[in-house]
Amino acid sequence: MGEFDLIRRFFTRPATRAVLGVGDDCALLQPAAGMQLAISTDMLVEGRHFLSTVDPFKLGHKALAVNLSDLAACGARPLAFTLALALPRADEAWLEPFSRGLLALADAHGCELVGGDTTQGPLNICITVFGEVPRGQALLRSGARAGDDLYVSGTLGDARLALEVFRGTLSAPAEVFEQARARMEQPTPRVALGQALRGVATAAVDISDGLLGDLGHILQASGVGARVDTSVAMNLIASNNRATWTSAAFSSEKWLELVLSGGDDYELAFTAPASARAAVQVASVQAQTRVTRIGCIEAETGLHLVDAQGQAMPHRYASFDHFA
Ligand code: ADP
Ligand code: MG
């Protein structure tokens with residue numbers, strides 16, 4: 001199978017919403033009147049972002065999911081994406097499930113594959129997504145204000161739990177591991193929630209490198225600080241609440257570490273004024289995505305963790321940094 005056969009077989013489908021899809025030198029998109037394009041790129045490198053043994057169907061899902069998560073954080077609606085793929089060899093047994101996983105998630109979000117590049121080399125998957133957002137309404141990292149509430153969507157820390165089980169640094173019952181593993185391998189981008197939060201949230205970010213690190217981006221861009229209630233945050237990890245397993249499995253510090261600095265969850269962290277609490281609930285119901293208020297934004301810069309009694313807790317949780 002040559003390069004062009006490969007592209008035709010696995011990555012070419014008739015364009016539906018795009019003006020021109022795969023096959024020419026450029027794809028063509030027609031932005032709707034009054035809309036801005038939201039664009040984001042994410043790369044997945046074997047050994048860095050995924051294990052060589054991962055199911056290619058799930059890898060296809062994840063490669064697009066992490067990109068859709070960036071659109072979600074901006075409140076954008078997905079339109080289209082391009083796929084730059086380096087492959088060691090043209091292996092149909094890998095390409096078939098990979099493209100199925102990728103395109104199933106694409107279809108679920110009406111996000112069309114419109115082009116890309118294919119080359120031989122160490123396995124590397126780079127996707128660029130294009131979305132649209134009404135002019136001036138994109139959610140940014142810079143809009144948080146002192147007094148805002150701080151929220152996160154879904155659950156946090158389960159993907160990291162799975163990674164630690166894979167690495168052998170933690171152990172968990174098979175049922176707990178399987179559910180945590182699904183969070184790591186097939187994250188759910190919060191696309192509907194991001195759009196529902198337009199005009200409600202003041203700032204948002206998607207959590208890829210851990211809550212505290214990614215929240216730090218909002219704080220820095222907005223010039224504010226935050227207080228996080230650890231007694232609430234600790235319950236965000238789904239694995240801690242399984243009936244078959246109790247929080248006694250690890251120390252409470254370990255649970256907290258998974259939630260606060262575990263990466264790969266692809267949930268949204270966002271801020272909204274206290275006057276918007278009802279509107280946040282409406283967005284949550286509309287998007288069928290749970291949100292939890294975990295703290296607030298403060299004028300004083302820095303990130304402060306407090307316990308159930310509101311007492312300051314020392315911490316040295318770090319987030320993931322490729323070059324640290
Ligand atoms: P060019 O020579 O202009 O770079 P290519 O020969 O690399 O174009 O690609 C031919 C067509 O196939 C282009 O429309 C390109 O966007 C598309 N394409 C290449 N690789 C992929 C891929 N992995 N997924 C989707 N489309 C692809
Ligand atoms: Mg090319």
Side-chain angles (χ1 to χ4, degrees), residues 1-32 35-72 74 76-133 185-189 191 206 208 264 266 322:
M1 182 173 43
E3 175 187 337
F4 298 103
D5 285 336
L6 185 163
I7 296 168
R8 205 173 314 113
R9 271 188 62 188
F10 297 108
F11 301 114
T12 307
R13 298 198 302 183
T16 52
R17 290 160 69 199
V19 178
L20 186 64
V22 170
D24 216 304
D25 291 302
C26 290
L28 296 174
L29 301 177
Q30 178 64 57
M35 300 299 243
Q36 290 177 317
L37 279 181
I39 302 164
S40 181
T41 297
D42 258 309
M43 183 155 69
L44 268 71
V45 176
E46 179 171 353
R48 257 285 133 189
H49 302 96
F50 60 91
L51 308 168
S52 58
T53 51
V54 71
D55 174 349
F57 180 91
K58 293 175 180 171
L59 184 60
H61 172 104
K62 184 164 179 176
L64 183 58
V66 303
N67 279 278
L68 292 176
S69 178
D70 286 314
L71 290 183
C74 289
R77 182 170 79 103
L79 290 177
F81 69 106
T82 59
L83 168 68
L85 199 56
L87 296 168
R89 58 201 162 329
D91 176 2
E92 290 174 42
W94 188 90
L95 279 159
E96 194 278 322
F98 173 80
S99 66
R100 248 189 319 114
L102 179 83
L103 295 174
L105 185 66
D107 287 346
H109 289 279
C111 189
E112 203 170 355
L113 177 57
V114 293
D117 199 23
T118 306
T119 165
Q120 198 272 330
L123 185 55
N124 190 325
I125 304 158
C126 183
I127 287 179
T128 298
V129 278
F130 301 83
E132 64 177 13
V133 60
E185 293 183 338
Q186 289 190 283
T188 304
V191 173
D206 71 316
S208 52
D264 256 7
Y266 300 96
H322 279 281

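In listed order, ligands and their atoms are each counted from 1.
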Can you list the ligand 1 atoms lying under 4.0 Å from a non-hydrogen atom of Asp25? 3 (O)
Atom indices of ligand 1 within 4.0 angstrom of Thr118 heavy atoms, with elements: 19 (C), 20 (N), 21 (C), 22 (C), 23 (N)
Passing option when Asp42 is tested against Thr128, Val129, Asp70, Ile127 for side chain to side chain contact (heavy atoms under 4.5 Å, CB included): Asp70
Kindly determine whether Glu185 and Asp55 satisfy side-chain contact (heavy atoms from CB on, under 4.5 Å), including the steps that lead there. CA-CA 9 Å; Glu185 293 183 338; Asp55 174 349; 5.6 Å; no
Which pairs pass side-chain hydrogen bond (donor to acceptor under 3.5 Å, both in side chains) with one or both residues in residues 21-31, sequence neighbours excluded? none
What atoms in ligand 1 come closer than 4.0 Å to a heavy atom of Asp24? 13 (C), 14 (O)
Per-atom contacts, ligand 1 versus Asp117 - under 4.0 Å to a heavy atom: 7 (O), 19 (C), 20 (N), 21 (C), 23 (N)
Is any N or O atom of Gly21, backbone or side chain, closer than 3.5 Å to an N or O atom of ligand 1? no
Winner among Phe81, Phe4, Phe10 once heavy atoms are compared against atom 6 (O) of ligand 1: Phe4
Check Leu83 against ligand 1 and report side chain, backbone, both or neither, counting heavy atoms closer than 4.0 Å. both
Sequence-distant partners of Phe98, ring-ring contact (aromatic ring centres under 6.0 Å, His included), two or more places apart: Trp94
Mind checking whether Thr82 contacts ligand 1 via backbone (N, CA, C, O), side chain (CB onward), both or neither, at a 4.0 Å heavy-atom cut-off? neither
Does any part of the side chain of Glu112, heavy atoms only, come nearer than 4.5 Å to the side chain of Thr16, both counted from C-beta? yes
In terms of its nearest heavy atom to atom 18 (N) of ligand 1, the top option of Ala84, Gly116, Cys26, Cys126 is Gly116
Taking only heavy atoms of Gly115 into account, list the atoms of ligand 1 that are under 4.0 Å away from them. 16 (O), 24 (N), 25 (C), 26 (N), 27 (C)
Side-chain heavy-atom pair His109, Phe81 within 4.5 angstrom cut-off: no
Below 4.5 Å, heavy atoms only, C-beta onward: do Ile125 and Leu59 meet side chain to side chain? yes
